[in-house]
Protein chains: 2
Amino acid sequence: MYKKDFYNMHADICKTISNPNRQAILDNLRDTEMSVTELIKKTGISQANLSQHLSILRSKGVVNTRRDGNNIFYSISNPKILQAYDLLSEVMQELFQNKQRTVNDAIVGNK
Amino acid sequence: MYKKDFYNMHADICKTISNPNRQAILDNLRDTEMSVTELIKKTGISQANLSQHLSILRSKGVVNTRRDGNNIFYSISNPKILQAYDLLSEVMQELFQNKQRTVNDAIVGNK
DNA sequence: TTAATATATTATAATATTGTTATATTAAAT
DNA sequence: ATTTAATATAACAATATTATAATATATTAA
């Protein structure tokens, strides 16, 4: 596989989880499957919009589905997705702390 | 911090690395700093576009810069960014393998 | 001081992503 | 067979992202 293809695929999977609503979905599915109705309640996302986001996650293989009667249950397909999610949380926090420190240094005037 | 803010920030940092050209940049900076000119050569991205992507990475704190004479050297600010990058590579590969397997099952007709 | 090199910025057109509204599908219950 | 509840899809407007072309800035060299 050529590097460009790799970068494209990588960016694609990364983009799939790069949306606040989809982050909320994944966070709610962290350790349990959940029906769409439950997800609506938990996330507050509108039905149509949630369904669209679930469709994106599903089409990329990030979540799996299971029908039980009238409900469809969504779950995360691969635990590494959550590992990546959590690692990015750490990165985010550390970047945020650095920014805070920079601002503080600027105010206090020390380096 | 409210969950919505968290998801927004998380998605934001995630979006920052969700672009094939920025992936290429990060991959090239993996274990060395590099000047813009070097990055142009290595990645094949146009000067203006590369500069824009570097600007995005810089503004989000993902890379640091150092001027040396006429050159500006870029480097990755936090090793966890690469850890996250690599973990997402694994996720990508595993998702890809699953998809391959599914296609194969469909062709062969076994489950 | 001017020229050359390295990098950044701005404007813009093309494309992609997002959320909303309205409508369709699917399965279960009556 | 209808009705109801759960979920999906389509159409669309608003916004964001992207790459290109043109121009500007900054540092060194001549």
Side-chain angles (χ1 to χ4, degrees), chain A residues 3-5 7-29 32-75, chain B residues 3-5 7-29 32-75:
Chain A
K3 280 199 174 179
K4 284 217 170 178
D5 295 324
Y7 296 137
N8 277 321
M9 288 179 68
H10 199 295
D12 195 53
I13 186 65
C14 197
K15 216 183 296 184
T16 304
I17 63 173
S18 289
N19 171 283
N21 281 332
R22 291 198 287 278
Q23 301 257 353
I25 292 167
L26 293 178
D27 202 21
N28 274 282
L29 298 181
T32 177
E33 64 173 13
M34 217 174 263
S35 72
V36 180
T37 306
E38 286 178 284
L39 280 170
I40 291 173
K41 277 182 207 152
K42 288 281 189 180
T43 63
I45 304 168
S46 78
Q47 186 271 318
N49 196 17
L50 182 61
S51 187
Q52 286 168 336
H53 284 299
L54 288 171
S55 165
I56 290 168
L57 290 170
R58 188 189 204 286
S59 74
K60 301 297 181 180
V62 171
V63 297
N64 291 328
T65 56
R66 172 178 82 80
R67 179 182 275 276
D68 180 7
N70 229 331
N71 297 315
I72 294 183
F73 287 88
Y74 281 79
S75 58
Chain B
K3 280 198 174 179
K4 283 217 171 177
D5 295 324
Y7 296 137
N8 278 320
M9 289 179 68
H10 199 295
D12 195 55
I13 186 66
C14 196
K15 217 184 295 184
T16 304
I17 63 174
S18 290
N19 171 282
N21 282 331
R22 291 199 286 277
Q23 302 257 352
I25 292 168
L26 293 177
D27 203 20
N28 274 282
L29 298 180
T32 176
E33 64 174 12
M34 217 174 262
S35 72
V36 180
T37 306
E38 286 178 284
L39 280 170
I40 291 173
K41 278 183 205 150
K42 288 281 190 181
T43 63
I45 304 169
S46 78
Q47 187 272 318
N49 196 18
L50 182 61
S51 187
Q52 286 169 334
H53 284 299
L54 288 171
S55 166
I56 290 168
L57 290 170
R58 189 190 204 287
S59 74
K60 300 297 181 181
V62 172
V63 298
N64 291 327
T65 56
R66 171 178 82 79
R67 179 182 275 276
D68 181 6
N70 228 331
N71 297 313
I72 294 182
F73 288 88
Y74 281 79
S75 58

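Hydrogens, waters and symmetry mates play no part in the numbers below; they use all other heavy atoms, side chains included. In what follows, every chain begins at residue 1, and chains take the letters A, B, ... in the order their sequences are listed. Because the structure is predicted, anything quoted here is derived from the model rather than measured.
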Please list, for nucleotides 28-30 of chain D, all pairs of protein and nucleotide N/O atoms separated by less than 3.5 Å.
none

Subject >> Check against side-chain contact (heavy atoms from CB on, under 4.5 Å), Ile17(A) and Arg22(A) >> reply: CA-CA 6 Å; Ile17(A) 63 173; Arg22(A) 291 198 287 278; 5.9 Å; no

Original post:
Donor-acceptor pair, Arg58(B) side chain versus Lys60(B) backbone, under 3.5 Å?
Top reply: no

Original post:
Between Ile25(B) (CD1) and dA8(C) (C1'), how many Å, whole number?
Top reply: 14 Å

Original post:
To the nearest angstrom, how far is Ile45(A) atom CD1 from dT7(D) atom C1'?
Top reply: 15 Å

Original post:
Looking at Ser75(B) and Glu33(B), what are the two nearest heavy atoms and their distance?
Top reply: CB-CB, 3.9 Å

Original post:
When you measure from every atom of DNA chain D, which of residues 48-59 of chain A have a heavy atom less than 4.0 Å away?
Top reply: Ala48(A), Ser51(A), Gln52(A)

**OP:** Could you check how far CD of Gln23(A) sits from P of dT18(C), rounded to whole Å?
**Re:** 11 Å

**OP:** Find the distance Ile72(B):CD1 to dT5(C):C1' and express it as a whole number of Å.
**Re:** 12 Å

Subject >> Any donor-acceptor pair under 3.5 Å from Ser59(B) side chain to Ile56(B) backbone >> reply: yes

Original post:
Mapping Arg67(A) and Asn21(A) to their closest nucleotides on DNA chain C, which lands nearer the 5' end?
Top reply: Asn21(A)

Original post:
Applying the side chain to side chain contact (heavy atoms under 4.5 Å, CB included) test to Tyr74(B), which of Leu57(B), Asn28(B), Thr65(B), Asn64(B) qualifies?
Top reply: Thr65(B)

**OP:** Check each of Thr43(B), Leu50(B), Ile45(B) against Asn21(B) using the side chain to side chain contact (heavy atoms under 4.5 Å, CB included) test, and report the only one that passes.
**Re:** Ile45(B)

**OP:** Rounded to the nearest angstrom, tell me the gap between atom CE in Met34(B) and atom C1' in dT7(C).
**Re:** 17 Å

Original post:
So, do Leu26(A) and Val62(A) sit near enough that their side-chain heavy atoms are less than 4.5 Å apart?
Top reply: yes

Original post:
In whole angstrom, what separates Ile40(B)'s CD1 from dA6(C)'s P?
Top reply: 9 Å

Original post:
Side chains of Leu54(A) and Leu39(A): does their closest heavy-atom pair fall under 4.5 Å?
Top reply: yes

Original post:
Using Watson-Crick and G-U wobble pairs whose two distances are both under 3.5 Å, how do you write the pairing of DNA chain D as dot-bracket, with | for links to another strand?
Top reply: ||||||||||||||||||||||||||||||

**OP:** State, with a plain yes or no, whether a side-chain heavy atom of Asn71(B) is found less than 4.5 Å away from one of Val36(B).
**Re:** no

**OP:** Give the rounded distance in Å between these two atoms: CD of Glu38(B) and P of dA6(C).
**Re:** 11 Å

Original post:
Starting at CD of Gln47(B) and ending at C1' of dA19(D), how long is that distance when rounded to a whole Å?
Top reply: 13 Å

**OP:** Can you see which heavy atom on Lys15(A) is nearest to which on Ser18(B), and at what distance?
**Re:** N-OG, 3.3 Å

**OP:** Mind listing the closest non-hydrogen atom pair of Phe73(B) and Ser35(B) along with its distance?
**Re:** CD2-N, 3.5 Å

**OP:** Establish, with yes or no, whether the OP1 or OP2 oxygen of dA6(C) is under 4.0 angstrom from a side-chain nitrogen or oxygen of Tyr74(B).
**Re:** no

**OP:** Verify the contact: side-chain N or O of Asn71(B) to OP1 or OP2 of dT7(C), cut-off strictly under 4.0 Å; return yes or no.
**Re:** yes

